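Data first, discussion second: the structure below is written as structure tokens.
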Amino acid sequence: MHIPSLEILRTLPFFHLRTKMALTLRSSISFVNQKETKALKAFDDVSATVSFAKIKPSSRIQVKNSAREASHHQTHQRDEQREKVHAPSVAHHDNHNVSKRVPVYVMLPLDTVTMGGGLNKPRAMNASLMALKSAGVEGVMVDVWWGLAEKDGPLKYNWEAYAELVQMVQMHGLKLQVVMSFHQCGGNVGDTCSIPLPPWVLEEISKNPDLVYTDRSGRRNPEYISLGCDSMPVLKGRTPLQVYSDYMKSFHDRFRNYLGSVIVEIQVGMGPCGELRYPSYPESNGTWRFPGIGEFQCYDKYMKASLAAAAEAIGKKEWGTSGPHDSGKYNQFPDDTGFFKREGTWNSEYGQFFLEWYSSKLLDHGDKILASARGIFQASGVKLSGKIAGIHWHYKARSHAAELTAGYYNTRFNDGYLPIARMLAKHEVIFNFTCMEMKDREQPGHANCSPEGLVHQVKMATKMARVELAGENALERYDADAYAQVLSTSRSDSGNGLTAFTYLRMNKKLFEGDNWRHMVDFVRSMSEGGRRQRLSDADSRGSDLYVGHIKGTQREKSQEAALV
């Protein structure tokens, strides 16, 4: 796609495309029509062509269609009045408002890039990005899958589909968060497609099954390479840490011209689902079901050797022969086990030794990967982030069993999130946390959940560690209550406020009538620090399609997009 040169703009008015243009778009990508009962067709087969128009900062936006020009002229005065009421908050407000603004990003579909290495449904993606921009969304997030980009062999990278996406995101004046996804897609909550690790990696795993996490019964998990072999040359002569580093270097070199401008954040994958944790609650094949406590993942030969060495180092060789024998099964509850029950082994001298070793291995894994990422990206202008799982079930139990099996040594007597926050702060990495939309009263009583208590604890830990906190929703939610909870969580009334929020996830349902209106309302509220309560009826009935509002800042200059 050829993109003409652009006139750099300092500020741009908010404008509406009405009448014939609105009707034309509504018929093909009906994402704001209140009466529309079908989902946005942008995820089926939509044709929407967007190109750049050269324009001086002081000139009026030109729409290259005479019918649209006439319509725009006829309604210009009325639209100007509406702009004063309904235009989203822009970034060049006074400093007080800027500090409260929380930019909203939207996760793209997991299969944005196909197994064949192409961009999935590019016309649909184009239309959807246009819709998100019209709502005031800051940008989008995409997984850059190891299983796709280094699929053809060691050090053989294919970034072309991602390059096409980056250019499309840039064309719409959006920003991009990129996830270095070193895990497989498939087998967890919300996974809608299957993207395994690279074939050449799976070949090595077939030769040496101990390369992946293993539970007490010997079940292997192919989601992510075991951190036990981080420094072993087990992947065709390279260590996993070297492989991750080489991958990030190649990405940096390919996209150096977009880093810090279009690509504004690199989220570094450090485990299953991209999260810094062990795969203690795998859903594949019904292994685990909510709210089971999960199982420890320390039984590959590399982890067992590390445990044995740690036990011998403190003169307790017998503690290093295996993990806890009384920690139960995936779907049990804390009181069903000797280890996790109220006065269980978790709080014994042995339990403390094991949990400190298990969690410290995870922290060390994150520390090494992030040190590498920082060295690669620190001069590029992008921010780095790391994702931590929101394991809120059994949070009210003394042992916090589900958190312990995942590698977070968080109990009634031990803060497991402050060490993580300090490790991230050490590398100037944003602490990205989930379950921001959840309320305690929505959870089943038997699960002993407290997502609100967990989020509060994390906010306090990040505040103490002086690290930025960003958030995500854990489950697909489209209702006003969930958005209201995120708005409440985003503020810094108790602990650290959010610096950004990434919404899970862009799909057909997001663009349906009420869902879309709630999303627009939420984005604008976040842009104003949560002070906007509701959009007026005039702005929520779908009478206009708002396209082309480009935020301007004193530090960032904007680009103009016009439909042709």
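Computed from a predicted model, the values in this text were never measured in an experiment.
We find that R220 and D215 are not joined by a salt bridge, their nearest charged nitrogen and carboxylate oxygen being 4.0 Å or further apart. In summary, D335 and R342 do not engage in a salt bridge, as defined by a charged side-chain N under 4.0 Å from a carboxylate O. By the 4.0 Å N-to-carboxylate-O rule, R398 lies close enough to E343 to be salt-bridged with it. Salt bridge E265/K175: absent, no basic N to carboxylate O contact under 4.0 Å. Under the 4.0 Å criterion applied to side-chain N and carboxylate O atoms, K459 and E452 are not assigned as salt-bridge partners. Using a 4.0 Å cut-off between charged side-chain N and carboxylate O, K249 and D253 make no salt bridge. Here R477 pairs with E442 in a salt bridge; the nearest charged N to carboxylate O distance falls below 4.0 Å. In this structure, R466 does not pair ionically with E428, as no charged nitrogen and carboxylate oxygen lie closer than 4.0 Å. Ion pair E203/K207 flagged as a salt bridge, since at least one NZ, NE, NH1 or NH2 atom sits closer than 4.0 Å to an Asp/Glu carboxylate oxygen.
Once rounded to the nearest 0.5 Å, the distance linking CD1 of I369 with CE of M180 reads 12.5 Å. Atom-to-atom distance recorded for F433:CZ and E275:CD is 9.5 Å, nearest 0.5 angstrom. Summarising the geometry, atom CD belonging to E349 is positioned 7.5 Å from atom CD belonging to Q352; distances are rounded to the nearest 0.5 Å. Atom CD1 in I195 sits 9.5 Å away from atom NZ in K151 (nearest 0.5 Å). One finds the OG atom of S399 at 8.5 Å from the NE2 atom of H394 (value rounded to the nearest 0.5 Å). To the nearest 0.5 Å, atoms CD1 (I430) and OG1 (T462) are separated by 11.5 Å.
Using a 4.5 Å heavy-atom threshold, the side chains of P451 and K439 count as separate. Residues T345 and F354 form no side-chain contact, since every pair of their non-hydrogen atoms from C-beta on lies 4.5 Å or further apart. At a threshold of 4.5 Å between non-hydrogen side-chain atoms, the residues I225 and V201 count as touching. Considering only heavy atoms from C-beta on, D246 stays 4.5 Å or farther from E150 through its side chain. Proximity of L307 to F353: side-chain heavy atoms (C-beta onward) are separated by under 4.5 Å at one or more points. Using a 4.5 Å heavy-atom threshold, the side chains of L241 and S231 count as touching.
For the side-chain contact (heavy atoms from CB on, under 4.5 Å) with L110, the qualifying choice from N120, V142, D143 is D143, the only one to do so. Checking L119, V113, V169 one by one against E164, the side-chain contact (heavy atoms from CB on, under 4.5 Å) holds for a single residue, L119.
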Passes side-chain hydrogen bond (donor to acceptor under 3.5 Å, both in side chains), S280 versus W288? Steps please.
-> CA-CA 9 Å; S280 57; W288 171 87; over 6 Å; no
Please walk me through it: do E204 and V234 pass side-chain contact (heavy atoms from CB on, under 4.5 Å)?
-> CA-CA 8 Å; E204 294 303 300; V234 293; over 6 Å; no
Could you walk me through whether N432 and S385 pass side-chain hydrogen bond (donor to acceptor under 3.5 Å, both in side chains), step by step?
-> CA-CA 6 Å; N432 187 273; S385 69; 5.3 Å; no
Could you go step by step and tell me if F296 and Y330 meet the ring-ring contact (aromatic ring centres under 6.0 Å, His included) rule?
-> CA-CA 9 Å; F296 292 114; Y330 285 104; over 10 Å; no
Tell me, with the steps shown, if N158 and E160 meet side-chain hydrogen bond (donor to acceptor under 3.5 Å, both in side chains).
-> CA-CA 6 Å; N158 180 3; E160 295 318 299; over 6 Å; no
Could you give me the CA-CA distance, side-chain angles and deciding distance for W145 and H183, then say whether ring-ring contact (aromatic ring centres under 6.0 Å, His included) is met?
-> CA-CA 8 Å; W145 297 104; H183 61 287; 5.0 Å; yes
Before giving the answer on salt bridge (charged side-chain N to carboxylate O under 4.0 Å, His left out), spell out for E472 and K387 the whole-Å C-alpha distance, their side-chain angles and the decisive distance to 0.1 Å.
-> CA-CA 10 Å; E472 298 178 3; K387 188 174 177 181; 2.9 Å; yes
Please assess K368 against D230 for the test salt bridge (charged side-chain N to carboxylate O under 4.0 Å, His left out), listing each intermediate value before the final yes or no.
-> CA-CA 9 Å; K368 288 176 178 175; D230 269 352; 5.9 Å; no
Is there a side-chain hydrogen bond (donor to acceptor under 3.5 Å, both in side chains) between W346 and S327 once you walk through the steps?
-> CA-CA 9 Å; W346 63 273; S327 57; over 6 Å; no
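Other residues, nucleotides and ligands contribute at most 12 non-hydrogen atoms within 6.0 Å of the CZ atom of R422. Taking a 6.0 Å sphere around NZ of K236, one finds it holds more than 12 heavy atoms contributed by other residues, nucleotides or ligands. Counting non-hydrogen atoms of neighbouring residues, nucleotides and ligands closer than 6.0 angstrom, the NE2 atom of H325 reaches no more than 12 such neighbours. Annotation for M464: atom CE does not count as buried by contact number, only 12 or fewer foreign heavy atoms lying within 6.0 Å.
The backbone N or O of N414 lies less than 3.5 Å from a partner atom in the side chain of T411, making a donor-acceptor pair. Judged by distance alone, with hydrogens and angles left aside, the side-chain atoms of N515 form no donor-acceptor pair with the main-chain N or O of L510 at under 3.5 Å. T434 places a side-chain N or O within 3.5 Å of a backbone atom of G390 that can act as its donor or acceptor partner. When atom types are taken as modelled, the side chain of S492 and the backbone of G495 share no donor-acceptor pair closer than 3.5 angstrom. Of the possible donor and acceptor atoms, one in the side chain of N331 sits under 3.5 Å from a partner among the backbone N and O of T287.
Take D367 and apply the side chain to side chain donor-acceptor pair (under 3.5 Å) test, not counting sequence neighbours, and it matches K426, H427.
Between G237 and P233 the shortest heavy-atom distance is O-CB, 3.7 Å. Residues Y224 and G269 approach most closely at OH-O, 4.2 Å, considering heavy atoms.
Between H365 and Y278, the distance separating the two ring centers is not shorter than 6.0 angstrom. Aromatic rings from Y409 and Y358 are positioned such that their centres are separated by 6.0 Å or more. Residues W319 and Y350 place their aromatic rings such that the two centres sit under 6.0 Å apart. For F501 and Y105, the distance between ring centers is not under 6.0 angstrom. Ring centroids of F251 and Y157 are separated by 6.0 Å or more, keeping the two rings apart.
A cation-pi contact links R277 to Y281, judged by a cut-off of 6.0 Å to the six-membered ring centre and 45° from its axis.
Note: H446 and F333 have parallel aromatic rings, judged against thresholds of 30 and 60 degrees for the angle between ring planes.
No side-chain N or O of Q297 forms a donor-acceptor pair with one of N221 less than 3.5 Å apart. E476 and Y478 share a donor-acceptor pair across their side chains, judged by distance under 3.5 Å alone. Between the side chains of Y417 and E403, at least one donor-acceptor pair of N or O atoms lies under 3.5 Å.
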